[in-house]
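A short worksheet on the structure shown next.
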Amino acid sequence: MLNWGLHSVGRKCRHKERETTNVQFSSRVLTTLLFCAMASFAAAPAFSQAQNLSARTSAAELERDRRLKWFREARFGLMIHWGLYAVPAGEWKGKLIPGLGEWIMNRARIPISEYEQLALQFNPVKFDADAWVRMARDAGMKYIVITSKHHDGFAMYGSKASKYNIVDATPFRRDVMKELAAACHKYGLKLCFYYSQTQDWHEPDAVGNDWDFTPESKKNFARYLEEKVKPQVTEILTNYGPIGLIWFDTPRNITKEQSQELVDLVHKLQPDCLVSGRVGHGLGDYDSAGDNQISVGQVKRDWETPVTMNDTWGFKRDDQNWKPTNILIQQLVQVSSRGGNYLLNVGPTSEGLIPQPSVERLTEVGKWLKLNSEAVYGAGPSPFPYELPWGLLTTKSGKVFLHVFKWPSKALIIYGLKSKVRRAYLLSNKERLKFTQQADEPMDHYALKIELPASAPDKNDSVIVLELQGETRADTSLLQQPDRSVTLPAFLSEAHKVGDQGLRLDSRGVVERWLNKDEWLDWDFKVSQSGAFDVVLLSSEQKYGRDWEGGHTVEIEVAGQKARGQVDNNGKQENPANPYWKYVISKIGRVTIDKPGLYHLTLKPETIRAEKKLGLTLVSVELRPVQN
Ligand code: FHN
């Protein structure tokens with residue numbers, strides 16, 4: 001029997017909205033509007049991105065909407081980092097070079113004259129464009145983004161603008177992009193090009209090479225832009241048929257005018273071609289999250305995240321740290337459930353082969369997608385602004401898809417879904433599932449209990465479909481979960497800042513730059529089951545565990561009680577959405593909540609350690625039920 005003892009509570013709209021990359025806390029007004037709108041979530045086909053259309057009037061925005069149509073439906077793309085760096089494959093002169101495979105020239109400070117010699121060894125005789133594109137199609141991917149030129153400056157297509165290219169400088173002499181364009185056309189995928197517009201370690205006036213050339217300050221970046229970038233961007237948009245998007249990257253030292261010139265050039269040559277957010281200055285058609293970063297909450301703009309399958313983009317022989325398939329599927333679903341696109345990378349060898357572990361994973365993802373595609377393509381965001389302890393949700397008109405990553409043994413209980421459920425079944429085989437629903441409107445408490453088979457039908461993600469009467473209606477306030485836990489994510493807090501600077505959210509929804517003890521956060525949440533709770537604070541390491549700062553003292557106040565404690569490392573926890581940033585667990589104290597109702601929790605630092613300039617990097621505050 002479910003617990004119903006919940007006081008009737010009013011709803012407040014006070015969560016924070018955030019953007020993707022280069023994010024900052026957005027204005028309070030916008031925040032309030034967004035979450036008030038969300039508070040009575042009603043799902044509709046094609047979702048908010050399309051609904052926003054009517055509100056936007058300018059011709060440029062309409063044009064952008066038109067261009068983005070395919071991108072919004074695609075959800076899943078293949079990124080390919082392929083270039084001369086596949087020859088050394090992470091090793092230079094007998095030494096393993098740490099870092100990303102495609103950065104070997106920079107990391108080992110290889111002189112141009114030596115790096116150029118790699119072209120003579122680049123002979124990918126096993127390259128088969130048809131097989132690559134078929135593999136992507138079978139994985140369920142809708143577009144391919146391949147490096148036409150990465151930071152090393154080598155063009156992977158036949159370029160007239162620079163002899164330093166695969167046709168003129170390698171024994172292979174084939175224009176692989178022509179072959180890929182033909183295969184993409186055959187299988188109905190969009191061909192897209194990555195192009196490094198600022199870093200080019202082969203060019204004296206471009207950004208990045210300070211071992212062969214003069215310091216950055218003496219460079220004539222504009223000349224490089226006119227003489228190499230614009231001619232090459234023109235080539236890739238002229239010689240390979242329709243291109244889905246140009247994936248510019250690392251917009252360092254580029255002015256707003258120069259970024260705009262590139263955007264205009266792309267749109268002039270191919271009005272349907274999208275420009276990635278990394279063209280710089282927010283001028284892209286859509287936002288790009290940081291590498292391997294999955295944005296949280298409901299993201300305002302169209303967005304995409306690039307993700308590695310191991311720890312490198314370009315092939316590196318010694319990198320065998322492959323992400324398991326279930327994590328890749330979870331990430332794809334996480335991104336889809338937040339209205340984004342998941343761009344999953346492979347790094348082919350210098351022979352032209354995609355590493356077997358990548359092929360295997362893509363095959364498995366494809367198998368899963370074949371059975372569950374309805375819950376991904378064209379699916380809209382979750383009605384809840386946070387993840388649930390067992391997984392997450394995507395939606396379509398009149399349907400909710402429950403993606404169950406952690407299969408509970410007998411039943412799945414969900415709080416907060418207000419719509420009446422007509423049918424529940426497993427998406428993969430249509431097996432019907434029994435369910436009961438309880439709604440206590442005066443108490444504002446809604447519970448759905450679905451009876452489940454004893455074991456998970458799919459080890460990666462078992463999808464349950466709920467067919468609803470009418471559209472999706474949900475309580476979007478922060479709710480205690482049926483396992484009695486309460487999670488208060490930083491990105492759904494109200495931030496009380498001192499001035500405009502100070503703490504802000506990064507693109508994963510983690511608070512950064514919290515160095516001032518006078519800044520604090522608070523949350524409202526609903527409790528339906530009373531009891532004693534351990535107060536736990538999750539903070540985040542920097543990427544690859546490089547650093548973390550602890551030793552801060554904080555005070556948490558909730559239900560008339562205060563818990564004071566220190567942010568210490570009491571263990572770590574991984575988050576599949578952002579596996580390179582481990583979460584650090586700090587136990588702050590214990591509180592008792594003696595009756596159901598609406599509660600308010602404040603988190604105020606007493607001292608913040610900031611020697612490393614990291615400060616308190618908050619992920620969430622959790623109330624974990626004390627087990628008797
Ligand atoms: O420096 C590059 C890196 O090599 C790789 O291409 C990634 C892919 O997103 N982008 C840059 C770093 O953000």
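- Of the possible donor and acceptor atoms, one in the side chain of Thr553 sits under 3.5 Å from a partner among the backbone N and O of Thr607.
- Counting heavy atoms from C-beta on, the side chains of Tyr583 and Ser620 never come closer than 4.5 Å.
- The closest donor-acceptor contact from the side chain of Trp548 to the backbone of Ser539 lies at 3.5 Å or more, if one exists at all.
- The distance from the CD1 atom of Ile413 to the OG1 atom of Thr436 is 8.5 Å, given to the nearest 0.5 Å.
- At distances below 3.5 Å, not a single donor-acceptor pair connects side-chain atoms of Trp390 with backbone N or O atoms of Pro408.
- By the 6.0 Å contact criterion, CG on Asn429 is enclosed, its count of non-hydrogen atoms from other residues, nucleotides or ligands being greater than 12.
- Taking CD of Glu494 as the start and OG1 of Thr602 as the end, the distance is 13.0 Å to the nearest 0.5 Å.
- Proximity of a side-chain donor or acceptor of Gln480 to a complementary backbone N or O of Gln529 within less than 3.5 Å is detected.
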**Message:** What verdict does the side chain to side chain contact (heavy atoms under 4.5 Å, CB included) test give for Leu62 and Arg66, after you've listed the backbone C-alpha separation in whole Å, the side-chain angles of each residue and the deciding distance to 0.1 Å?
**Reply:** CA-CA 6 Å; Leu62 288 170; Arg66 188 187 59 73; over 6 Å; no

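- Side-chain N or O atoms of Thr325 include none that pairs as donor or acceptor with a backbone N or O of Arg361 at under 3.5 Å.
- Using modelled atom types, one side-chain atom of Gln481 and one backbone atom of Leu479 make a donor-acceptor pair closer than 3.5 Å.
- Note that CD of Gln334 and OG of Ser295 are 11.0 Å apart. Values are rounded to the nearest 0.5 Å.
- Taking the ring axis of Tyr377 as reference, the NZ or CZ atom of Lys142 stays within 45° of it and closer than 6.0 Å to the ring centre.
- In this structure, the separation between CZ on Phe491 and OG on Ser507 is 12.5 Å, given to the nearest 0.5 Å.
- Distance CG/Leu332 to CG/Leu369: 5.5 Å, rounded to 0.5 Å.
- Within a 6.0 Å sphere centred on NZ of Lys543, other residues, nucleotides and ligands contribute more than 12 heavy atoms.
- Between the side chain of Gln437 and the main chain of Ser419, a donor-acceptor pair closer than 3.5 Å is present.
- Asp285 pairs with exactly one of Arg72, Arg64, Lys69, Arg67 by the salt bridge (charged side-chain N to carboxylate O under 4.0 Å, His left out) rule, that one being Arg67.
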**Request:** Evaluate the criterion salt bridge (charged side-chain N to carboxylate O under 4.0 Å, His left out) for residue pair Lys517 and Glu606; output intermediate values, then yes/no.
**Result:** CA-CA 6 Å; Lys517 71 173 181 48; Glu606 288 179 338; over 6 Å; no

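- The CG atom of Leu468 sits 11.0 Å away from atom CZ of Arg423, with the distance rounded to the nearest 0.5 Å.
- Considering Ile464, Leu452, Leu466, Val421 in turn, Val421 is the only one that fulfils the side-chain contact (heavy atoms from CB on, under 4.5 Å) rule with Phe435.
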**Request:** Could you walk me through whether Lys323 and Thr308 pass side chain to side chain contact (heavy atoms under 4.5 Å, CB included), step by step?
**Result:** CA-CA 8 Å; Lys323 295 181 180 115; Thr308 52; 3.1 Å; yes

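- In this structure, Pro457 and Glu431 have side chains that are not in contact, with every pair of non-hydrogen atoms separated by 4.5 Å or more.
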**Asked** Can you check side chain to side chain contact (heavy atoms under 4.5 Å, CB included) on Leu623 and Leu601, steps first, answer last?
**Response** CA-CA 10 Å; Leu623 301 183; Leu601 184 145; 4.3 Å; yes

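- Looking only at atom types and distance, the side chain of Asp594 has no donor-acceptor partner in the side chain of Thr592 under 3.5 Å away.
- Counting all heavy atoms, side chain and backbone alike, Ser336 lies closest to Arg75 at OG-CD, 3.5 Å.
- Remark: side-chain polar atoms of Glu519 are paired, donor with acceptor, to backbone N or O of Leu503 under 3.5 angstrom.
- For Trp514 against Pro605, the heavy-atom pair with the smallest separation is CZ2-CG, 3.5 Å.
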**Request:** Take Val296 and Arg338, measure what side chain to side chain contact (heavy atoms under 4.5 Å, CB included) needs, and give me the verdict at the end.
**Result:** CA-CA 7 Å; Val296 287; Arg338 294 164 199 164; 4.1 Å; yes

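- Between Tyr342 and Phe76, the angle of the ring planes stays under 30°, which puts this pair in the parallel group of the 30/60° scheme.
- Side-chain atoms of Thr487 do not come within 3.5 Å of backbone N or O of Glu622 as any donor-acceptor pair.
- The aromatic rings of Phe71 and Tyr143 are tilted relative to each other, their planes meeting at an angle between 30° and 60°.
- Donor-acceptor pairing under 3.5 Å is lacking for the side chains of Thr363 and Asp138.
- Panel note: side chain Ser382, backbone Phe384; a donor-acceptor pair is recorded below 3.5 Å.
- More than 12 heavy atoms of other residues, nucleotides or ligands lie within 6.0 Å of NZ in Lys430, so this atom counts as buried by the packing criterion.
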